[in-house]
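Have a look at the structure below, then the notes.
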Amino acid sequence: RKKRALQVLNRDLEERVAQRSEELRQLNEQLQQRVAELESIMQVLPVGVAVAHGSDCTTITGNAALGEMLGAQFTETLTDSVLSLAKISQKGSALTLEDLPLRQAVRAGLPTGMLELELAHPEGSPHFLLASASPLFDEEGSVRGAVGAFFDVTERKRMDDALRERAELLELDRKSV
C-alpha cells in the first residue's frame, strides 16, 4: 500500500515537473523572441543608442546609427580607444571619457537631461548631437549601467546657421538702404 502511494506521488511529481518544464520552455521561447525583436529595433532606429554594461562602463554596446555618428568601424562594442578617436566637446570644452553622458548617468545615478555635443572626426567636418542618458538599476537599487540616446542634429544646425546668416545679411542690407 505504501509502495502504491509512493508510485502515485512519484507520477504526480513527474507530471508537475513536466508541466513546469514546458512552461519554462515556452517562457524561454517568448523571451528569445522579445530579445530578437529588440535587437532588430536597435538596428533600424535612426537614433544612436548605447548601453553601458556594468557600473564601470567598460563595456558599451550600441547600434549601427551610433557607429555611423562616431565614424567608427563598428562592431557593436565601443571601447575607450574608439571613443577617444572622436573628439567630443560641449559648449566648446573638450570632454574626457569620464564626462560622457553614459558615465555621467552612472556616476550620479540620475538622468543627464538633454545635452548638446559636438563631435569632431579626424577626417571630416564636425557633427552635432543631442544626447541624453539614464542609469539602469539592479533589483537592489544599485546602478548596474546606463542607456543613452544620441540624435544627429548636424543638418538642422547647419540650416539654422544659414538662416541666421541670411537674416544678418538682410538686416545689413536694410540698414544700408
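Worth knowing before you read on, the calculation uses all heavy atoms, side chains too, and leaves out hydrogens, waters and symmetry mates. Bear in mind that the values here come from a model prediction, so they are computed numbers and not experimental data.
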Please examine the side chains of [Y] and [X], heavy atoms only from C-beta on, and report whether any two atoms are closer than 4.5 Å.
X      : Y      : answer
Ile60  : Val51  : no
Ile88  : Leu100 : yes
Leu45  : Val49  : yes
Lys3   : Gln7   : yes
Leu136 : Val147 : yes

Report, as yes or no, whether the 6.0 Å neighbourhood of atom [atom1] on [X] holds more than 12 heavy atoms from other residues, nucleotides or ligands.
X      : atom1 : value
Glu165 : CD    : no
Arg25  : CZ    : yes
Phe128 : CZ    : yes
Arg34  : CZ    : yes

Would Gln30 and Gln26 count as having a side-chain donor-acceptor pair, cut-off 3.5 Å?
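No, Gln26 and Gln30 have no side-chain donor paired with an acceptor closer than 3.5 Å.
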Counting distance only, does the side-chain N/O of [X] pair as donor-acceptor with the main-chain N or O of [Y] below 3.5 Å?
X      : Y      : result
Gln104 : Asp99  : yes
Asn63  : Gln43  : no
Ser142 : Asp138 : no
Asp152 : Met69  : no
Thr112 : Ala133 : yes
Arg103 : Cys57  : yes

Check the pair Glu29 / Gln33 against side-chain contact (heavy atoms from CB on, under 4.5 Å), numbers first and verdict last.
CA-CA 6 Å; Glu29 187 177 305; Gln33 289 172 352; 4.0 Å; yes
Could you go step by step and tell me if Gln32 and Asn28 meet the side-chain contact (heavy atoms from CB on, under 4.5 Å) rule?
CA-CA 6 Å; Gln32 288 175 347; Asn28 193 36; 3.7 Å; yes
Charged N to carboxylate O under 4.0 angstrom, Glu14 versus Arg11?
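No, Glu14 and Arg11 are not salt-bridged.
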With Arg20 via side-chain hydrogen bond (donor to acceptor under 3.5 Å, both in side chains) - residues at least two apart:
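Checked Arg20 against side-chain hydrogen bond (donor to acceptor under 3.5 Å, both in side chains); zero matches.
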Taking only residues two or more places apart in sequence, or in another chain, which ones meet Leu110 in a side-chain contact (heavy atoms from CB on, under 4.5 Å)?
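Partners of Leu110 under the side-chain contact (heavy atoms from CB on, under 4.5 Å) test: Ala108.
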Is there a path from [X] to [Y] through hydrophobic residues (I, L, V, M, F, W, Y) whose side chains come within less than 4.5 Å of each other?
X      : Y      : answer
Val47  : Val153 : yes
Ile41  : Leu66  : no
Val106 : Leu102 : no
Phe151 : Met159 : no
Phe150 : Met114 : no

Check the pair Leu115, Leu130 against side-chain contact (heavy atoms from CB on, under 4.5 Å), reporting the backbone distance first and the verdict last.
CA-CA 6 Å; Leu115 307 169; Leu130 289 180; over 6 Å; no
Show your working on side-chain contact (heavy atoms from CB on, under 4.5 Å) between Arg107 and Glu98 and close with a plain yes or no.
CA-CA 9 Å; Arg107 190 172 47 252; Glu98 291 305 312; 3.8 Å; yes
Residues which pass salt bridge (Lys or Arg N to Asp or Glu O under 4.0 Å) with Glu116, listed by chain and number, not counting sequence neighbours:
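So Glu116 forms a salt bridge (Lys or Arg N to Asp or Glu O under 4.0 Å) with Lys157.
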Closest heavy-atom contact between Pro135 and Pro111?
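Result for this residue pair: CD-N, 3.7 Å.
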Minimum heavy-atom distance between Gly113 and Ser132, given as atom pair plus value
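Nearest pair, atom of Gly113 first, then Ser132: O-CB, 3.3 Å.
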Salt bridge (Lys or Arg N to Asp or Glu O under 4.0 Å) for Arg164 and Asp161? Distances and angles first, verdict last.
CA-CA 5 Å; Arg164 188 175 9 269; Asp161 290 345; 2.8 Å; yes
